[in-house]
Amino acid sequence: MKAFFLVLLSVVFSISSFAQEITGQWNGVLKVQGVQLRLVFNISKTASGFSSTMDSPDQGAFGIPVSSTSFENGTLMIAISNANIKYEGSLGDDQVVIGVFTQAGQSFPMNLSREEIKKQETKRPQEPAKPYPYEAQNVTFYNEQAGITLAGTLTLPQASGNFPAVVLISGSGPQNRDEELMGHKPFLVLSDYLTKNGIAVLRFDDRGTAASQGDFSTATSADFATDVAAAVKYLKTRTEIDHSHLGLIGHSEGGLIAPMVANQSEDVDFLVLLAGTGIRGDQLLLAQQALIGKASGMSPNQLAENDMISRKAFEIMVKDQSSEDLKTEMSAYMTQVFRQIPAENIPGGMSEEEFVKAQIDQLTSPWMEYFIKYDPVPALEKVTSPVLAINGEKDLQVPPKENLGAIKAALEKGGNKDITTVELQGLNHLFQEAQTGAPSEYGTIEQTFSPLAMEVVLNWIKERVN
């Protein structure tokens with residue numbers, strides 16, 4: 001679960017003091033968990049005031065609309081209501097706006113100026129450079145069930161012949177084919193390593209992301225499983241692939257999806273679950289919340305209060321009730337929660353209505369509602385093909401002992417005879433060598449993927465395809 005990616009849908013800002021001229025292009029840098037994201041705000045004058053759009057060049061997003069823009073008495077205020085985003089800043093005589101960007105209660109300082117900001121180069125020594133010592137083809141394939149075309153990259157070893165192959169399945173959140181986040185490209189590094197060692201790899205953009213068609217926002221893990229099944233079907237059409245040795249490698253949510261696909265396809269011969277889940281979604285999120293909260297320095301009282309609030313919300317979520325009844329009960333509960341929050345602790349100065357709406361929108365989204373209720377055990381019990389499940393010992397998003405134990409128990413209960421579980425010391429959720437495992441470290445670590453973890457995966461696959 002990449003629960004800490006920031007969806008920068010839009011923002012805005014501006015400046016001007018002397019001439020009160022804020023129209024035009026302004027530039028800022030948002031620093032989030034060790035990663036710097038450039039934002040470009042384009043402000044124009046209207047008959048009634050101002051309007052804005054935002055560009056996020058590092059994320060390939062341009063012309064993002066802003067719902068409201070105001071500039072009065074030297075104060076710029078921007079709001080994107082459907083994304084719970086606010087920006088407020090004050091223009092100084094130096095023509096710099098000193099301000100704060102807030103999304104869903106999380107606040108980050110961000111200043112704006114007229115000066116263009118160049119992309120900051122990050123050190124990612126494992127990232128391969130072209131030309132690659134193997135063939136890399138941009139490919140597309142069709143998901144007939146969803147009626148969408150998905151785009152990806154198929155890498156083929158340099159030697160001739162038929163190669164065993166794997167499909168890489170990304171974790172939660174809209175991911176491109178490299179599973180890019182926090183300045184890292186884990187799937188690019190992993191596919192490079194496997195292909196150099198004789199394994200063909202297909203990795204693809206999530207639906208509705210980058211070059212793939214579809215609507216990500218309405219999709220659930222079950223929908224993503226049909227995309228993976230389409231990828232497997234595509235590999236069956238390729239003559240370079242050994243059709244008797246096709247596997248799935250799923251990271252985080254991808255490790256939850258892989259068993260779904262294996263149970264519906266006779267063409268999947270093995271599974272590798274990288275930080276895959278073995279417990280129900282609500283239980284996983286409670287454990288994740290506690291571990292990350294503790295690593296972030298929250299007090300025992302704060303941890304207990306957060307746990308109590310989330311537990312009650314999840315109890316409402318897992319009830320068998322209509323969508324309308326769910327939203328009604330959740331609205332009443334979140335209103336009660338808001339009224340108990342001390343005024344100084346209200347996230348981002350949100351109103352009661354804004355707070356309640358933000359919580360309901362997040363909790364009752366198709367993906368979240370499905371994930372919270374989904375128990376991976378029944379699907380795991382049906383998997384008969386070989387399974388490798390590995391976790392990092394410092395994984396705070398998918399705790400290793402609870403999940404590896406649950407995965408192994410479910411597979412054994414179903415009669416699976418080829419199960420390997422490995423807990424790798426010192427590695428975090430992204431399989432980086434880490435100090436604490438906290439998500440705030442992800443972007444600051446130069447390593448993208450532990451060589452040891454990749455070696456474990458490769459050796460296990462080779463033992464089953466040779």
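The chain is numbered in sequence order, starting from 1.
- A donor-acceptor contact shorter than 3.5 Å links the side chain of D269 to the backbone of L246.
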Working for side chain to side chain contact (heavy atoms under 4.5 Å, CB included), residues L273 and V387:
CA-CA 7 Å; L273 312 181; V387 176; 4.0 Å; yes
Between I461 and F270, does a side chain to side chain contact (heavy atoms under 4.5 Å, CB included) hold up when you go through it step by step?
CA-CA 8 Å; I461 292 175; F270 59 89; 3.9 Å; yes
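- When the options L284, T277, L256 are evaluated for a side chain to side chain contact (heavy atoms under 4.5 Å, CB included) with Y374, the one that passes is L256.
- Here the side chains of Q175 and H251 are not in contact, with every heavy-atom distance at 4.5 Å or above.
- There is a side-chain donor-acceptor pair under 3.5 Å between R203 and S191.
- Between E329 and K319 a salt bridge is recorded (basic side-chain N to carboxylate O distance below 4.0 Å).
- For Q126 (side chain) and T448 (main-chain N/O), a donor-acceptor pair under 3.5 Å exists by modelled atom type.
- Within a 6.0 Å radius of CG in D320, no more than 12 heavy atoms belonging to other residues, nucleotides or ligands are found.
- Side-chain contact between L154 and L156 is present, with at least one heavy-atom pair separated by less than 4.5 Å.
- The local environment of NZ in K373 is crowded, with over 12 non-hydrogen atoms from other residues, nucleotides or ligands closer than 6.0 Å.
- Between Y87 and F101, the gap from one ring centroid to the other reaches at least 6.0 Å.
- With 3.5 Å as the limit, one finds no donor-acceptor pair spanning the side chains of H184 and Q447.
- Looking at heavy atoms from C-beta onward, I199 lies in side-chain contact with V166 at the 4.5 angstrom threshold.
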Show your working on side chain to side chain contact (heavy atoms under 4.5 Å, CB included) between E369 and L326 and close with a plain yes or no.
CA-CA 10 Å; E369 189 172 348; L326 169 62; 3.6 Å; yes
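- I407 and A389 get closest at one heavy-atom pair: CG2-CB, 4.2 Å.
- When only modelled atom types and interatomic distance are considered, E253 and W367 share a side-chain donor-acceptor pair under 3.5 Å.
- Residue Q321 places its CD atom among more than 12 non-hydrogen atoms of other residues, nucleotides or ligands, all under 6.0 Å distant.
- The existence of a salt bridge linking K86 and E354 is confirmed by a sub-4.0 Å separation between a basic side-chain nitrogen and an acidic carboxylate oxygen.
- A donor atom on one side chain and an acceptor atom on the other are found under 3.5 Å apart for D215 and S217.
- Annotation for E305: atom CD does not count as buried by contact number, only 12 or fewer foreign heavy atoms lying within 6.0 Å.
- Under 4.0 Å is where a charged nitrogen must lie from a carboxylate oxygen, and between E179 and K185 no such pair does.
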Verify side chain to side chain donor-acceptor pair (under 3.5 Å) between T436 and E441, making sure each step is shown before the conclusion.
CA-CA 8 Å; T436 68; E441 287 183 332; 3.2 Å; yes
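- Atom CD of E144 has 12 or fewer heavy atoms from other residues, nucleotides or ligands within 6.0 Å.
- Closest approach of D361 to K357, counting heavy atoms only: OD2-NZ, 2.7 Å.
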Assess the residue pair D242 and S244 against the criterion (side chain to side chain donor-acceptor pair (under 3.5 Å)); give the C-alpha distance rounded to whole Å, side-chain angles, the decisive distance to 0.1 Å, and a yes or no.
CA-CA 5 Å; D242 179 354; S244 64; 2.6 Å; yes
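- The shortest distance between side-chain heavy atoms of I419 and N416 falls below 4.5 Å.
- Looking at Q432 and Y442, their side chains come closer than 4.5 Å, going by heavy atoms from C-beta outward.
- Side chain to side chain, T102 and S107 meet the donor-acceptor criterion of an N or O pair below 3.5 Å.
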Evaluate the ring-ring contact (aromatic ring centres under 6.0 Å, His included) criterion for residues F204 and F141: first the C-alpha distance (whole Å), next the side-chain angles of each, then the deciding distance (0.1 Å), finally the verdict.
CA-CA 10 Å; F204 63 96; F141 53 93; 5.4 Å; yes
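- The existence of a salt bridge linking D418 and R464 is confirmed by a sub-4.0 Å separation between a basic side-chain nitrogen and an acidic carboxylate oxygen.
- Exactly one residue among L286, L303, L396 makes a side chain to side chain contact (heavy atoms under 4.5 Å, CB included) with L291. That residue is L396.
- For L363 against M368, the heavy-atom pair with the smallest separation is O-CG, 3.7 Å.
- For L274 against L190, the heavy-atom pair with the smallest separation is CD1-CD2, 4.2 Å.
- In the model, R177 has a side-chain atom that pairs as donor or acceptor with a side-chain atom of T153 under 3.5 Å.
- Between the side chains of Q289 and S310, at least one donor-acceptor pair of N or O atoms lies under 3.5 Å.
- Between F216 and G173, the shortest heavy-atom contact is CZ-C, 3.3 Å.
- Judged purely by distance below 3.5 Å, without hydrogens or angles, the side chains of T226 and D223 never pair a donor atom with an acceptor atom.
- Counting heavy atoms of neighbouring residues, nucleotides and ligands inside a 6.0 Å radius, atom CD of E463 exceeds 12 of them.
- Side-chain contact between F41 and L39 is present, with at least one heavy-atom pair separated by less than 4.5 Å.
- Using a 4.5 Å heavy-atom threshold, the side chains of Q213 and R207 count as separate.
- No more than 12 heavy-atom neighbours from other residues, nucleotides or ligands sit within 6.0 angstrom of CD on Q435.
- A side-chain N or O of D55 and one of N42 form a donor-acceptor pair less than 3.5 Å apart.
- Donor-acceptor pairing under 3.5 Å is recorded for the side chains of D192 and Y134.
- Pairing each heavy atom of V356 with each of S331, the nearest pair is CG1-OG, 3.7 Å.
- Listed by chain and residue number, nothing satisfies the salt bridge (charged side-chain N to carboxylate O under 4.0 Å, His left out) test with D395 (two or more places apart in sequence, or in another chain).
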Can you check side chain to side chain contact (heavy atoms under 4.5 Å, CB included) on W460 and V422, steps first, answer last?
CA-CA 11 Å; W460 183 89; V422 181; over 6 Å; no
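- Ion pairing between a basic and an acidic side chain is recognised when a charged N comes within 4.0 Å of a carboxylate O; R311 and E315 show no such pairing.
- Screening I257, D206, L181 for a side chain to side chain contact (heavy atoms under 4.5 Å, CB included) involving S170 leaves a single residue, D206.
- When side chains are defined from C-beta on, V29 counts as touching K31, because their heavy atoms get closer than 4.5 Å.
- No side-chain donor-acceptor contact under 3.5 Å links N111 to the backbone of G28.
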